[in-house]
Peer 1: 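Mind having a look at this structure? Questions to follow.
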Amino acid sequence: RQRVLSGVQPTGSLHLGNYLGAIRNWVKLQEEYDTFFCVVDLHAITLPHEPKELLHSTHSSAALYIACGIDPAKASIFVQSHVPAHAELTWLLSCITPIGWLRKMIQFKEKSKKAGAEEVGTGLLTYPVLMAADILLYQTDLVPVGEDQRQHLELARDVAERANYLFGGKKAKKMGCRHTRLLKVPEALIPPAGARVMSLQDGASKMSKSAESDLSRINLLDPPDLIAQKIKRAKTDAFDGLEWDNPERPEAKNLLTIYQCVSGMTRDEVLAEVSSMRWGDFKPRLTDALIAHLEPIQARYAEVMQDEGALDAILAQGADAANAQANATLDNVRKAMGFSVPL
Ligand code: TYM
């Protein structure tokens, strides 16, 4: 079976962008693929963090994966830092990744500008190598992510090709490697709708965990009255009716997309239903659809969080499966690169 891997950073709470761009699509994939879903806690410390929050957020994110429909009987759910191979492969790969590749990353440019380029931790720059290691350790075929990760995925592909070129093939054979193609070159899987959910307060910027105002995003655990309030206050425009593709109406496109995704309708069905509506008619409908969609997820989340022992057992089982696969890849790469094997 082909393999799928993806992950979300446990920074704050997960939001609708994470769900529509990523997690929702993982659920379908677990039926047909060999799937690994990781809570990428090592990624969550590239900017200053609060240890207690990281710990809570890690458990909470894993519980949300399950609440959203990831089934531990079908998929391996694990915490990145429980699999030491991620950190080790990152070092090996970072030594063959040109620093210029990393400086070009849009996310690095944006985040380091905000924090002051000389002040930010080195990890903010090398972060995409850690992401490449996450993916490449599992010989992953497909990586279901939102649009904002496309560039990082490209980098992971480039790093895999470079490692294969430098140490794979005949050279790996000479080193006695079992697999001469060291790392599989993965493909991104980006959904047709929901790949880029925008801020509720500005249709031109992405919904994100780091945006200052909580009104800009719907968190998966927001209670119904808060969701209603956020949609009520969401930015709109002065046009009549609603439409999909007017470039002057990014907010309309965004809210229609959210409606489409949570209601399960097609674009045309949404258009037929709402094209003649005013914002004042549409917003309550969107609110109801969102609340109806998130309610069962929130109920399931509460159940999962009640039994921390069971959640820990799921994560331990996931880490066992992940360690087995990750160590096989790492051992092969170590051998190819000429590292001695300890007794
Ligand atoms: P992160 O934690 O920022 O986001 C997790 C997933 O959610 C998607 N996403 C969005 N999709 C649509 N609209 C949005 N507004 C939105 N915001 C976020 C992201 O595209 C992502 O799929 N580096 C990654 C995490 C990562 C990873 C990996 C992913 C680490 N290792 C290996 C896949 C494979 C990140 O920071 O995502």
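Hydrogens, waters and symmetry mates play no part in the numbers below; they use all other heavy atoms, side chains included. Ligands are counted one by one from 1 in listed order, and the atoms in each one are counted from 1 as well. Nothing here was measured: the structure is a model prediction, and the numbers come from that model.
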Peer 1: Between A22 and ligand 1, which part of the residue brings a heavy atom under 4.0 Å of the ligand: side chain, backbone, both or neither?
Peer 2: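 Just the side chain.
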
Peer 1: Are E110 and K113 close enough, and set up right, to give a salt bridge (charged side-chain N to carboxylate O under 4.0 Å, His left out), and what steps lead you there?
Peer 2: CA-CA 5 Å; E110 285 174 359; K113 198 156 69 186; over 6 Å; no

Peer 1: Donor-acceptor check, side chain of R157 to backbone of P186, threshold 3.5 angstrom: yes or no?
Peer 2: yes

Peer 1: List the closest protein heavy-atom neighbour of atom 1 (P) of ligand 1: residue, atom name, distance to the nearest 0.1 Å.
Peer 2: K209 NZ, 4.1 Å

Peer 1: Just to confirm my output: which protein heavy-atom neighbour is closest to atom 4 (O) of ligand 1, and how far is it?
Peer 2: N18 ND2, 3.3 Å

Peer 1: Could you grab the distance from atom OG of S340 to atom NZ of K335, nearest 0.5 Å is fine?
Peer 2: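 Rounded to the nearest 0.5 Å, the OG-NZ separation comes to 12.0 Å.
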
Peer 1: If you have a sec, work out which protein heavy atom is nearest atom 29 (C) of ligand 1 and how many Å separate them, to one decimal?
Peer 2: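 Sorting protein heavy atoms by distance from atom 29 (C) of ligand 1 puts G7 O, 3.5 Å first.
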
Peer 1: Does atom CZ of R1 have more than 12 heavy-atom neighbours, drawn from other residues, nucleotides or ligands, at distances under 6.0 Å?
Peer 2: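 Yes, because the 6.0 Å sphere around CZ of R1 holds more than 12 heavy atoms from other groups.
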
Peer 1: At a non-hydrogen distance cut-off of under 4.0 Å, which region of A195 contacts ligand 1 (side chain, backbone, both, or neither)?
Peer 2: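 Backbone only.
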
Peer 1: Is there a heavy atom of A156 sitting under 4.0 angstrom from any atom of ligand 1?
Peer 2: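 Judged by the 4.0 Å heavy-atom criterion, A156 does not count as contacting ligand 1.
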
Peer 1: Side chain of K111, backbone of T46: donor and acceptor closer than 3.5 Å?
Peer 2: no

Peer 1: Enumerate the atoms of ligand 1 whose separation from the nearest heavy atom of L5 is less than 4.0 angstrom.
Peer 2: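 Numbered from 1, ligand 1 contributes 32 (C), 34 (C).
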
Peer 1: Using the rule given for salt bridge (charged side-chain N to carboxylate O under 4.0 Å, His left out), can you reason through D141 versus K184, listing the C-alpha separation, both sets of side-chain angles and the distance that settles it, and then say yes or no?
Peer 2: CA-CA 7 Å; D141 296 281; K184 183 172 262 185; 2.8 Å; yes

Peer 1: If we set the cut-off at 4.0 Å for heavy atoms, which region of T11 has an atom near ligand 1: side chain, backbone, both, or neither?
Peer 2: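 Contact part for T11 vs ligand 1: neither.
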
Peer 1: Relative to ligand 1, is Q80 under 4.0 angstrom through side chain, backbone, both or neither, heavy atoms considered?
Peer 2: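 It is neither part, as no heavy atom is under 4.0 Å.
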
Peer 1: Among side-chain atoms of H82 and D41, is any donor-acceptor pair under 3.5 angstrom?
Peer 2: no

Peer 1: Do Q80 and D134 pair up side chain to side chain, a donor and an acceptor below 3.5 Å, judged on atom types alone?
Peer 2: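 D134 and Q80 do have a side-chain donor-acceptor pair below 3.5 Å.
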
Peer 1: Could you list which atoms of ligand 1 come closer than 4.0 Å to a heavy atom of K206?
Peer 2: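 Those of ligand 1 that fall under 4.0 Å from K206 are 15 (N).
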
Peer 1: Under 4.0 Å from any heavy atom of S6, which atoms of ligand 1 are there?
Peer 2: 33 (C), 34 (C)

Peer 1: May I ask you to list the atoms of ligand 1 that are less than 4.0 angstrom from any heavy atom of G194?
Peer 2: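 Answer, ordered by atom number: 12 (C).
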
Peer 1: If you draw a 6.0 Å radius around CD1 in I106, do more than 12 non-hydrogen atoms from other residues or ligands fall strictly inside?
Peer 2: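 Count not over threshold, so no.
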
Peer 1: Main chain of R285, side chain of D288: is a donor-acceptor contact present, judged purely on distance under 3.5 Å?
Peer 2: no

Peer 1: Does S208 have a non-hydrogen atom less than 4.0 Å from ligand 1?
Peer 2: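 Contact check S208 vs ligand 1: negative.
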
Peer 1: Would you mind checking which non-hydrogen protein atom is closest to atom 23 (N) of ligand 1, with the distance to 0.1 Å?
Peer 2: Y127 OH, 2.5 Å

Peer 1: With respect to atom 3 (O) of ligand 1, which of Q149, H15, R24 exhibits the smallest heavy-atom separation?
Peer 2: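 Shortest heavy-atom distance from atom 3 (O) of ligand 1: Q149.
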
Peer 1: For a ring pair (Phe, Tyr, Trp, His ring centres under 6.0 Å) check, start with the C-alpha distance between Y138 and Y33, then their side-chain angles and the critical distance, and finish with the verdict.
Peer 2: CA-CA 13 Å; Y138 299 88; Y33 294 87; over 10 Å; no

Peer 1: Check each of V143, V197, N254 against atom 13 (N) of ligand 1 and report the one with the nearest heavy atom.
Peer 2: V197

Peer 1: Indicate, as side chain, backbone, both or neither, the part of D134 found under 4.0 angstrom from ligand 1 when only non-hydrogen atoms are considered.
Peer 2: side chain

Peer 1: Which atoms of ligand 1 sit under 4.0 Å from any heavy atom of H43?
Peer 2: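 Within the 4.0 Å cut-off of H43, ligand 1 contributes 30 (C), 31 (N).
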
Peer 1: Return the closest protein heavy atom for atom 20 (O) of ligand 1 as residue, atom name and distance.
Peer 2: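 Going atom by atom, the protein heavy atom closest to atom 20 (O) of ligand 1 ends up being D148 OD1, 2.4 Å.
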
Peer 1: Please work out which of G17, G146, G21, P128 has its closest non-hydrogen atom nearest to atom 10 (C) of ligand 1.
Peer 2: G17

Peer 1: Is a donor on one side and an acceptor on the other found under 3.5 Å between the side chain of Q30 and the backbone of D71?
Peer 2: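 Such a contact is found between Q30 side chain and D71 backbone.
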
Peer 1: Has E147 got a side-chain atom pairing as donor or acceptor with A195's backbone, closer than 3.5 angstrom?
Peer 2: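 Not confirmed, E147 side chain does not pair with A195 backbone.
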
Peer 1: Counting only heavy atoms, which portion of Q9 has something under 4.0 Å from ligand 1: side chain, backbone, both, or neither?
Peer 2: both

